[in-house]
Amino acid sequence: MAVRSILKGLTGAGSSSADSGTDHGDVAVIRAGDASRRLQVLDEFEKAGMGWIWATDAEGRLIYLSENAAEKIGRPVDELLAQPLVLLFETDPDNPDDKSERPLNFQINAHSKINDLTVRVVIDRTGARQAWWLLCGHPKFDKGGKFQGYRGSAKDITVEYERKLIDSRMAEYDALTGLANRHRMVRRLDSILGAYKSAKRSCALMMLDLDRFKYVNDTMGHQAGDDLLRQVAERLRNIIGDRGEIGRLGGDEFQIILPDLDDRGKLGELADKVIQIVSQPYPIDGKRAIIGTSVGIAIAPYDGIDREEITRASDLALYAAKNGGRGQFRFYSSDLKDEEEERALLLKDLREALASDQLELHYQPVVRTSDHVVVGFEALMRWSHPERGPVSPDIFIPAAEESNLINQLGEWALRRACADAASWPDSVRVAVNVSAVQFNNANFVSVVTNALAAAEMMPDRLELELTESVFMGDSEQTDRTFQSLKHLGVRLALDDFGTGYSSLSYLRSAPFDKLKVDKSFVDSCTQKDQNSAKIITAIIGLSDALGMETTVEGVEAFDQFHLVCEKGAKYIQGWIYSKALPAAVVAERMDSGELKIEPNGPEIHRPERRSVFRRVGVIHDDHRYEAVMRNLSKTGAMVEGLVGVPVGTGLVLDLGEGQLAVGLVNRSEDLMIAIEFETPLVGDGAGGLCTRHRVSPYALAAAGMPLAALPPGHYPLALNEGGQRSKPQFMQVVVAGMGA
């Protein structure tokens, strides 16, 4: 294309008299000279490198580009001409100055004016080097309004732009880990939720913090703590990849934004993976640090539609996960309370319970499989609150560990267990669980010594059960404690063996007398597609080779019992022999000489079916009925309250909060029906079950769901032509909501 034409497009100059064939004498000469000077200025402008000129045709292909610009790109002009402009330049998504959020190709397709748009261009064929240009351009139309292409200019702003990127990164990224900081995560979450609200798209938010990080920081130093945080960040990057954005909000608190993900099955699997990988030991200065993590999950728009709501929901879910025993994940649900306040009340009540002797120990037998004789008991702490009722140790023990109340609880448990066991036969041992906080306390050996002395009990009748977390502290202090305990004569057992990551190195360095096979392996040992039976075999073989005892925990049914015995189990602790018993019952049996327990339990271990009493909605066609759910499993439920429902009827259970489970009736008797779900439920992280997907309350309201069955809020109602609420269309909503 002629340069004159480009010049006209850039300057807005009309046709000269020479162009039109009209001779106006001197005026024409002057205008011709003026055009010549413009061309000369344009040529000097390009050669000086202050900027370049470009132009496209109506299809967006380059028809002109300054030679200096082509040299910068590293390709001949002839090769670049006829190439689409958008293949050479692209909008930089990291541009700190970009407010339009509209990429170059969008603006070109819309024939919009391009005002100082920062674009990125690969300046050689390998893509190894990049540059940033400032692009301007305006669309050119003929007299009939037909688009003819763009006329524009560009200049190199690489130096200035890279400086801005550095400044922006310092402002938006954490200097220690390289992850996004709180400021960037707030901006990103606001932006995503704002865009997704109108598009009715989902976005999950994970909140996590590190369990026992403060202990590592205090015992190993702040430099070790910083190193640990950097390693945690790298592990999170490897897990999340390009599925979302990870931020460090400060301290040991992290946040993960996961756009377009609302499948709670996938989210639960991802949270489990985060917990598993983050909880592996960390090599730091020749030592090993062991931490854990807990994860809270909330999903927009179901748990909130703006940043404040969804962040608060994920925070509440995180506190619930931590209070549930740590090393767990939780989904947000509307019945979660302010967990910080609940935790403070729990600790206050626990201190009062310890002072007023509300706590007690129950004892679960450890039985020799060859003759079913009891060889010992594990002491398990129990707390029956006057108002709360029974409180699980999985709830109050972690709270006690974080408040250092665990040292008082631990000392009480040791003294009480030794006092109770002192009256048992000398052949029966007692095992007491010891937390890492207790074990690493400088006075721990003295506490054990005093408890034995007060009970006048031989040290070898006391067994201390430890987990791998005891190795997370000062290795020299840990070694000294082990040596002192062995010198004292007490026995040591490594609990939950097989669930950690470096157990073999611990066996080499620590003087354990026993390994305990974790219940999680026993639960799945009879399933054909699991390796649990092989793992149990390996642990028992390893223990025998090292001259240690092995106790297999959690055996409940005879198929499990026969399998673990076949694999070489000599000692079993599980419900097939007995649940934990109150101290008075144990003492009574010891006095009567009952040291033998015959195994008793179901023939086959079955996955737990939970008994519940829960009001639910039952949807059939376009009608919704109220009923009561009596039990629930992953694959089905038993519901009471509907009469005469034929087998084979398709129903939908409304479990609340947008959870709709499609199923078929496979049994029907009087008021009771059994429903088999089309899609199995998934774990909710709290030991309960939930649907993978949920249906928005707005969609349910529009489909005619009774307002009483919806969360509080203002919903658009589906109205017919007469202004009345239209007939419900539940089934259509279910199909759409479940992604069918």
Side-chain angles (χ1 to χ4, degrees), residues 360-382 390 393 417 420-433 460-463 465 491 493 495-498 513-527 530 532-533 535-537 539-541 543-544 548-609 611:
E360 58 180 325
L361 293 181
H362 287 195
Y363 297 92
Q364 186 172 29
V366 178
V367 182
R368 189 165 55 219
T369 58
S370 59
D371 54 10
H372 310 308
V373 170
V374 176
V375 298
F377 290 88
E378 179 182 355
L380 300 170
M381 199 174 295
R382 296 291 184 260
D420 289 341
S423 62
W424 302 345
D426 291 344
S427 60
V428 180
R429 294 191 293 261
V430 64
V432 180
N433 290 282
D460 63 351
R461 291 187 56 212
L462 174 62
E463 195 167 79
E465 294 195 2
R491 290 169 54 87
D495 201 4
D496 301 335
F497 187 79
D513 301 284
K514 176 190 284 189
L515 301 181
K516 298 193 74 174
V517 179
D518 189 69
K519 182 180 184 296
S520 60
F521 298 114
V522 177
D523 285 343
S524 56
C525 69
T526 57
Q527 299 176 18
Q530 298 289 331
S532 297
I535 294 173
I536 292 172
T537 304
I539 294 173
I540 293 173
S543 184
D544 289 344
M548 299 179 184
E549 291 182 4
T550 309
T551 295
V552 180
E553 294 185 286
V555 179
E556 299 178 1
F558 274 102
D559 59 340
Q560 297 173 326
F561 178 81
H562 294 315
L563 186 144
V564 299
C565 288
E566 178 186 326
K567 301 301 181 184
K570 296 177 182 177
Y571 302 97
I572 283 178
Q573 177 183 340
W575 287 4
I576 197 161
Y577 280 118
S578 174
K579 295 184 179 182
L581 304 170
V585 174
V586 173
E588 182 181 336
R589 294 189 179 184
M590 294 294 101
D591 291 342
S592 64
E594 292 183 25
L595 296 179
K596 192 172 183 178
I597 305 176
E598 294 295 330
N600 182 31
E603 287 297 323
I604 299 174
H605 174 71
R606 298 184 184 279
E608 182 181 0
R609 179 178 286 269
S611 295

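Residues His362 and Leu581 form no side-chain contact, since every pair of their non-hydrogen atoms from C-beta on lies 4.5 Å or further apart. Within the 4.5 Å cutoff, the side chain of His372 has no heavy atoms near those of the Arg368 side chain. Proximity of Pro365 to Ile597: side-chain heavy atoms (C-beta onward) are separated by under 4.5 Å at one or more points. Between Val366 and Phe377 there is no side-chain heavy-atom pair separated by less than 4.5 Å. Residues Met590 and Pro425 are in side-chain contact: their nearest non-hydrogen atoms beyond the backbone lie under 4.5 Å apart. Counting heavy atoms from C-beta on, the side chains of Thr551 and Gln573 come closer than 4.5 Å. The closest side-chain heavy-atom distance from Leu462 to Arg491 is not below 4.5 Å. Val367 has its side chain out of reach of Ile572: every pair of non-hydrogen atoms, C-beta onward, lies at least 4.5 Å apart.
Considering every non-hydrogen atom in both Pro599 and Phe558, the closest pair reads O-CZ, 3.6 Å. Here the shortest heavy-atom pairing between Val374 and Val428 reads O-CG2, 4.1 Å. The nearest pair of heavy atoms linking Ala417 to Val430 is CB-CG2, 4.1 Å. Counting all heavy atoms, side chain and backbone alike, Ile576 lies closest to Gly601 at CG1-N, 4.4 Å. Taking all atoms of both residues into account, the shortest heavy-atom contact from Leu361 to Tyr363 is CD1-OH, 3.6 Å. Taking both residues in full, the closest heavy atoms of Glu465 and Ala431 are given as OE2-CB, 3.5 Å, listed atom of the first, atom of the second, then distance.
With rounding to the nearest 0.5 angstrom, the CG atom of Asp559 is 8.0 Å from the CD atom of Glu603. Of the inter-residue distances, the one linking Lys570 atom NZ with Asp544 atom CG reads 5.0 Å to the nearest 0.5 angstrom. Lys596 contributes atom NZ, which lies 15.0 Å from atom CZ of Arg589 (distance to the nearest 0.5 angstrom). One finds the NZ atom of Lys567 at 11.5 Å from the OG atom of Ser532 (value rounded to the nearest 0.5 Å). Interatomic distance, Ile604 CD1 to Thr526 OG1, rounded to the nearest 0.5 Å: 8.5 Å. Of the inter-residue distances, the one linking Ile535 atom CD1 with Ile540 atom CD1 reads 12.0 Å to the nearest 0.5 angstrom.
Other residues, nucleotides and ligands contribute only 12 or fewer heavy atoms inside 6.0 Å of the CD atom of Glu588.
The main-chain N or O of Ala569 is found under 3.5 Å from a side-chain atom of Thr369 such that the two form a donor-acceptor pair. Proximity of a side-chain donor or acceptor of Ser578 to a complementary backbone N or O of Gly574 within less than 3.5 Å is not detected. Side-chain atoms of Gln560 come within 3.5 Å of backbone N or O of Val522 as a donor-acceptor pair.
Using modelled atom types, one finds no donor on one side chain facing an acceptor on the other under 3.5 Å when comparing Gln364 with Glu378. Asn600 and Tyr577 form no side-chain donor-acceptor contact under 3.5 Å, judged by distance and modelled atom types alone.
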Working note: Leu380 + Asn433, criterion side chain to side chain contact (heavy atoms under 4.5 Å, CB included); need CA distance, chi angles, decisive distance, verdict. CA-CA 8 Å; Leu380 300 170; Asn433 290 282; 4.1 Å; yes
Give the C-alpha distance, both sets of side-chain angles, the deciding distance and a yes or no for salt bridge (charged side-chain N to carboxylate O under 4.0 Å, His left out) between Glu463 and Lys516. CA-CA 12 Å; Glu463 195 167 79; Lys516 298 193 74 174; over 6 Å; no
As a quick check of understanding, evaluate side chain to side chain contact (heavy atoms under 4.5 Å, CB included) for Trp424 and Arg461, giving each step before the final call. CA-CA 10 Å; Trp424 302 345; Arg461 291 187 56 212; 3.7 Å; yes
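Salt bridge annotation for Glu549-Arg429: present, with a cationic side-chain nitrogen under 4.0 angstrom from a carboxylate oxygen. Using a 4.0 Å cut-off between charged side-chain N and carboxylate O, Arg382 and Glu360 make no salt bridge.
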